[in-house]
Protein chains: 2
Amino acid sequence: MAKRVKLLDVAKAAGVSQGTASNAFGKPDLVRPEVRERIFAAAKELGYRGPHVMARMLRTGKAGALGVVFPDNLEYAFTDPVAIELLRGIGRECAQQGVNVMIISAQNQQQAIAAVNNAAVDAFLVHCYSDNNDIIAAIQRRNQPLISIDTDIAGAAGTVALDDFAAGKNAAQHLLDCGAKRFAILSLQATDHDHFGPMNANRVGAASHRVVRERLAGYHAALAGAGIAPSDVLHVECDNQSDHSAKMTAELLASHPEIDGILGMSDVIAIGAIDAARISGRKVPDDLKVIGIDGIAAGERTDPPLTTMYQDSVEKGRLAAEMALSEAPGKTITLKTTLLLRGSSKPL
Amino acid sequence: MAKRVKLLDVAKAAGVSQGTASNAFGKPDLVRPEVRERIFAAAKELGYRGPHVMARMLRTGKAGALGVVFPDNLEYAFTDPVAIELLRGIGRECAQQGVNVMIISAQNQQQAIAAVNNAAVDAFLVHCYSDNNDIIAAIQRRNQPLISIDTDIAGAAGTVALDDFAAGKNAAQHLLDCGAKRFAILSLQATDHDHFGPMNANRVGAASHRVVRERLAGYHAALAGAGIAPSDVLHVECDNQSDHSAKMTAELLASHPEIDGILGMSDVIAIGAIDAARISGRKVPDDLKVIGIDGIAAGERTDPPLTTMYQDSVEKGRLAAEMALSEAPGKTITLKTTLLLRGSSKPL
DNA sequence: TTGAAAGCGATACCAT
DNA sequence: ATGGTATCGCTTTCAA
């Protein structure tokens, strides 16, 4: 491999200084058209490939890229529909600002830390459920703007989140409005530790995932209004995968046939519940009402289609990217959800 | 903002040379544990954040990232289910190799070229339908390994593609085996220019998209075996979106009620066809058989579920990444499809 | 094992 | 508008 042609070579060949040659590429207005052409000609002649990206980065300190990390989710980022919508919004804003998107990929926590340290980016976007995490610590050590999505991270430059309490409350209220009386909650994991199945008061109290805590609190707030105490509600933790929630739902319906309202803490979970209900012969929404949270496209294609509290995940991602890329972030944005009424529920 | 602590500061504080300090971080084995600890202590003391990524990159010439470009599809990469599966595979292999994934994002061709030139990556992965494209030219100017997915790019270091001819042929043969006699093809765009609606022989001949050419040739090869000439087959180009193909299908079925077999060139397209068929009162698969190509998950949830020629897009992405990251790429990998029989067709 | 010094390739400042 | 030059922060010879 021949030695790389560099700016100095071009400058010499064109009979100008290195600085002028640099300007010809980076700030064309600063150099007389005539000279500029001479420089370009010399560049073409020598086969100069344009300014070296890494050298430029070192000099300017700008990477031109935004790092995106899913600490809970490293290998699943491209599987979870909500994560993909976030990415779509992030990509949109980054495209708009001429910045690339760097996905931090790793197989485990330790590799993720290395990946974070190897990433040439100007800022980080983190989507996660809890903030006590070595990956997050590694990101913070880099001392670059860090915007968190969905979870407050101590010391973050900004946060974009959902009004999860309202989402939960409105979801539960809607099922009450549909006449449901006996509820089951299919919840996301409340802590980083895998734990499936029935949830007790202890685990609820210890829930380290803000999103889970808030949505739960919202559910119970609405149910309390109808005189239903937390202890009257079944509560099961699921993996955020439809297969898994379907299995949990099947068991739940078998052991507790009286259930007539299912609160799914995500659409992915709720979709599994609808599948299980249909298979077990329950009529949705007549015998059983189901509501999710998110509003993913797949919810349109269940049988019946899924009623849900819709959030604009694309916009959430876009806003987070915008914040990360802005000079002075430092706010918290809280987004709202809206009821998206489809077939899995029916108001009285 | 205080001046950044750098390696030299740490070295001085620890009373060692810069080189030794560097080794303490990058090649710990080369430095005596005792000295190493002294260096780390000094680093912690001074608040050293670890080696500067960009400086390291410039020195070593390694970026630790793989660039991914969807030239046809820039803003759209995170919408197309097949692109997402590719990304999943790419992410998996990159994680395995400790490399990050840089998504080149832009709003248009010109910005995309800039984005390519600003990306600090070690190699590029390109998914596209045609190779005569300024973005691709820009990538090639960088003189780094370039692996193309689905399309042969002249000068690429390697290519991972599908046996598209076989996919088309087997798809059409399957519908023949199901008893279909009057066919319509819902095709992907044959050229970079948007063009919807009926396709004529001219456009078929001019098709610059290899994937489209090959699948079409496959369809016609199978149909020829049943004595059906290309001119006996309706052929419409669609945007690769279910809504759009649904609209095209509705028109097609209205004007040509005799159609009993639809060859969808992608699952996204075929899904729209199923929707339109149901809405227009056609019984699938009894009155009308539909087959797609791809095997995306959404195909399981149509009514009826979509029969398709399945390809392993995740593996396709993984293989491409593996090739891009390998020392000596330089091959062409061709993947096969398999018939995935679901409800939208029924063999006699 | 450790130290000294030479780059990696470009940009930005300060003169002119 | 252009030239000269310090500098970005590190890794990697080459010697000792």
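Letters A, B, ... are given to chains in the order of the sequence lines, protein chains preceding strands, and every chain is numbered from 1. Keep in mind that this is a model prediction, so the values were computed, not measured. As a basis for the values below, the full set of heavy atoms in this structure was taken, side chains included, without hydrogen atoms, waters or symmetry mates.
We find that CE of A:Met57 is positioned 16 Å from P of D:dC10, with the value rounded to whole Å. Following rounding to the nearest Å, B:Arg142 (CZ) and C:dG9 (C1') show an atom-to-atom distance of 14 Å. Going from atom NZ of A:Lys12 over to atom P of C:dG9 covers 13 Å, rounded to whole Å. One interatomic measurement links the two molecules: NE2 of A:His52 to C1' of D:dT7, which rounds to 17 Å at whole-angstrom precision. The nearest whole Å value for the distance from the CZ atom in B:Arg38 to the P atom in C:dG3 is 8 Å. What separates CZ of B:Arg49 from P of D:dC10 is a distance of 12 Å, to the nearest Å. Protein atom CD1 of A:Ile39 is 14 Å distant from nucleotide atom C1' of C:dA10, rounded to whole Å. Between the P atom of C:dG9 and the CZ atom of B:Arg56 lies a distance of 18 Å, rounded to the nearest Å.
Between the side chain of B:Gln140 and the backbone N or O of B:Ala154 there is at least one donor-acceptor pair closer than 3.5 Å. With A:Thr20 contributing its side chain and A:Val16 its backbone, the two residues share no donor-acceptor pair below 3.5 Å.
Here B:Tyr48 lies in heavy-atom contact (under 4.0 Å) with sugar-phosphate atoms only.
Sorted by residue number, the list of members of residues 28-37 of chain A with any non-hydrogen atom under 4.0 Å from DNA chain C is empty.
Across every non-hydrogen atom of B:Tyr129 and B:Asp72, the tightest pair is N-OD2, 2.7 Å. The heavy-atom pair separating A:Asp150 from A:Arg210 by the smallest distance is O-NH2, 2.9 Å. Across all non-hydrogen atoms, the minimal contact from A:Pro145 to A:Ala324 is CB-O, 4.3 Å.
Distances were taken from every side-chain heavy atom of B:Leu58 (C-beta onward) to each of C:dG9, D:dC10, C:dT11; the shortest belongs to C:dG9.
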Quick one: which protein N/O atoms are closer than 3.5 Å to N/O atoms of nucleotides 12-16 of chain D? Pair and distance per line, please.
| residue | atom | partner | partner atom | Å |
| --- | --- | --- | --- | --- |
| D:dT12 | OP2 | B:Lys27 | NZ | 3.2 |

Which protein N or O atoms sit under 3.5 Å from an N or O of nucleotides 14-16 of chain C?
none

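Ring pair A:Phe70/A:His127 is tilted by interplanar angle, where 30° to 60° counts as tilted.
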A:Thr151/A:Asp131 under side chain to side chain donor-acceptor pair (under 3.5 Å): CA gap, chis, key distance, verdict: CA-CA 7 Å; A:Thr151 296; A:Asp131 66 346; over 6 Å; no
